[in-house]
Amino acid sequence: QVQLVESGGGLVQPGGSLRLSCAPSESMFSFNAMGWYRQAPGKERELVASITSGGSTNYADSVKGRFAISRDNAKNTVYLQMNSLKPEDTAVYYCNGKYRPSVWSIVSNYWGQGTQVTVSS
């Protein structure tokens with residue numbers, strides 16, 4: 001069973017920064033893409049940012065210019081650097097991985113357990 005272990009959430013003041021980490025139990029090269037989603041109370045889960053195995057990135061309009069997704073292949077970890085945080089960024093953030101260990105495999109979707117990010121003064 002593939003696991004995605006997240007860390008780095010917490011409480012931060014508006015304008016502050018946080019960095020989230022996601023370490024998969026399998027090599028990141030076994031994933032077509034990895035990303036971060038978030039879900040605020042009463043709202044649907046939404047894509048925040050994603051990065052493909054080739055390094056291409058995609059961001060939600062609401063976080064462009066403030067958040068940055070990256071991957072460290074040596075550490076087998078994906079990061080989400082969040083700057084200029086706003087109260088509306090408050091949510092549970094989930095790491096997502098689209099797992100495909102070989103060209104003969106189907107793509108399987110895996111999720112981390114979620115980490116709370118609260119932006120408040």
Side-chain angles (χ1 to χ4, degrees):
Q1 181 76 359
V2 176
Q3 293 184 326
L4 305 177
V5 180
E6 302 148 343
S7 60
L11 173 64
V12 64
Q13 293 186 341
S17 298
L18 279 176
R19 188 177 76 162
L20 305 182
S21 301
C22 174
S25 59
E26 303 293 329
S27 168
M28 285 196 303
F29 293 108
S30 298
F31 294 85
N32 282 357
M34 298 194 70
W36 291 93
Y37 287 70
R38 67 186 180 187
Q39 187 167 20
K43 294 188 177 181
E44 293 186 353
R45 191 173 297 189
E46 63 175 359
L47 174 68
V48 177
S50 64
I51 185 166
T52 68
S53 57
S56 298
T57 58
N58 182 47
Y59 295 94
D61 287 343
S62 59
V63 306
K64 284 181 181 176
R66 299 188 298 122
F67 290 12
I69 189 170
S70 62
R71 54 190 288 160
D72 186 330
N73 294 331
K75 295 183 178 180
N76 205 51
T77 301
V78 173
Y79 301 100
L80 183 67
Q81 178 67 43
M82 305 184 294
N83 300 325
S84 301
L85 282 160
K86 304 175 181 180
E88 50 263 44
D89 295 317
T90 296
V92 178
Y93 283 71
Y94 296 91
C95 181
N96 171 265
K98 302 193 186 308
Y99 184 63
R100 190 185 187 195
S102 76
V103 296
W104 300 279
S105 305
I106 61 171
V107 177
S108 300
N109 219 20
Y110 287 94
W111 295 92
Q113 78 282 3
T115 184
Q116 177 70 46
V117 172
T118 302
V119 185
S120 175
S121 56

Name each donor-acceptor pair under 3.5 Å that joins a side chain in residues 6-14 to protein atoms two or more places apart or in another chain, with its distance.
from : atom 1 : to     : atom 2 : distance (Å)
Glu6 : OE1    : Gln113 : N      : 3.4
Glu6 : OE1    : Gly114 : N      : 2.5
Glu6 : OE2    : Cys95  : N      : 2.5

### Message
Can you list everything that forms a ring pair (Phe, Tyr, Trp, His ring centres under 6.0 Å) with Tyr37? Sequence neighbours excluded, please.
### Response
Trp111
### Task
For Ser30 and Ser27, run side-chain hydrogen bond (donor to acceptor under 3.5 Å, both in side chains): C-alpha distance rounded to whole Å, both residues' side-chain angles, the deciding distance at 0.1 Å, then the answer.
CA-CA 6 Å; Ser30 298; Ser27 168; 4.8 Å; no
#### Entry: Qualifying residues under salt bridge (charged side-chain N to carboxylate O under 4.0 Å, His left out), relative to Glu26, sequence neighbours excluded
none
### Query
Would you say the side-chain atoms of Arg45 pair up with the backbone N or O of Gln39, donor to acceptor, closer than 3.5 Å?
no
### Message
List the residues meeting salt bridge (charged side-chain N to carboxylate O under 4.0 Å, His left out) with Arg19, not counting sequence neighbours, and say none if there are none.
### Response
none
### Query
In chain order, what residues pass the salt bridge (charged side-chain N to carboxylate O under 4.0 Å, His left out) check against Lys75, with sequence neighbours excluded?
none
### Message
Within a 6.0 Å radius of atom CD on Glu88, are there more than 12 heavy atoms belonging to other residues, nucleotides or ligands?
### Response
yes
## Note on the structure
The complete set of disulfide (SG to SG under 2.5 Å) pairs with one or both residues in residues 30-72, sequence neighbours excluded, reads none
### Message
Would the distance check show the side chain of Thr90 and the main-chain N or O of Val119 forming a donor-acceptor pair, the cut-off being under 3.5 Å?
### Response
yes
### Message
Determine whether a donor-acceptor pair (N or O, by modelled atom type, separation under 3.5 Å) exists between the side chain of Tyr110 and the backbone of Gln1.
### Response
no
### Message
Please check this pair: side chain of Asn32 against backbone of Ser53, looking for a donor-acceptor N/O pair closer than 3.5 Å.
### Response
no
### CG on Leu18 to CG on Asn83, rounded to 0.5 Å
9.5 Å
#### Entry: Asn109 side chain vs Asn96 backbone, donor-acceptor pair below 3.5 Å
no
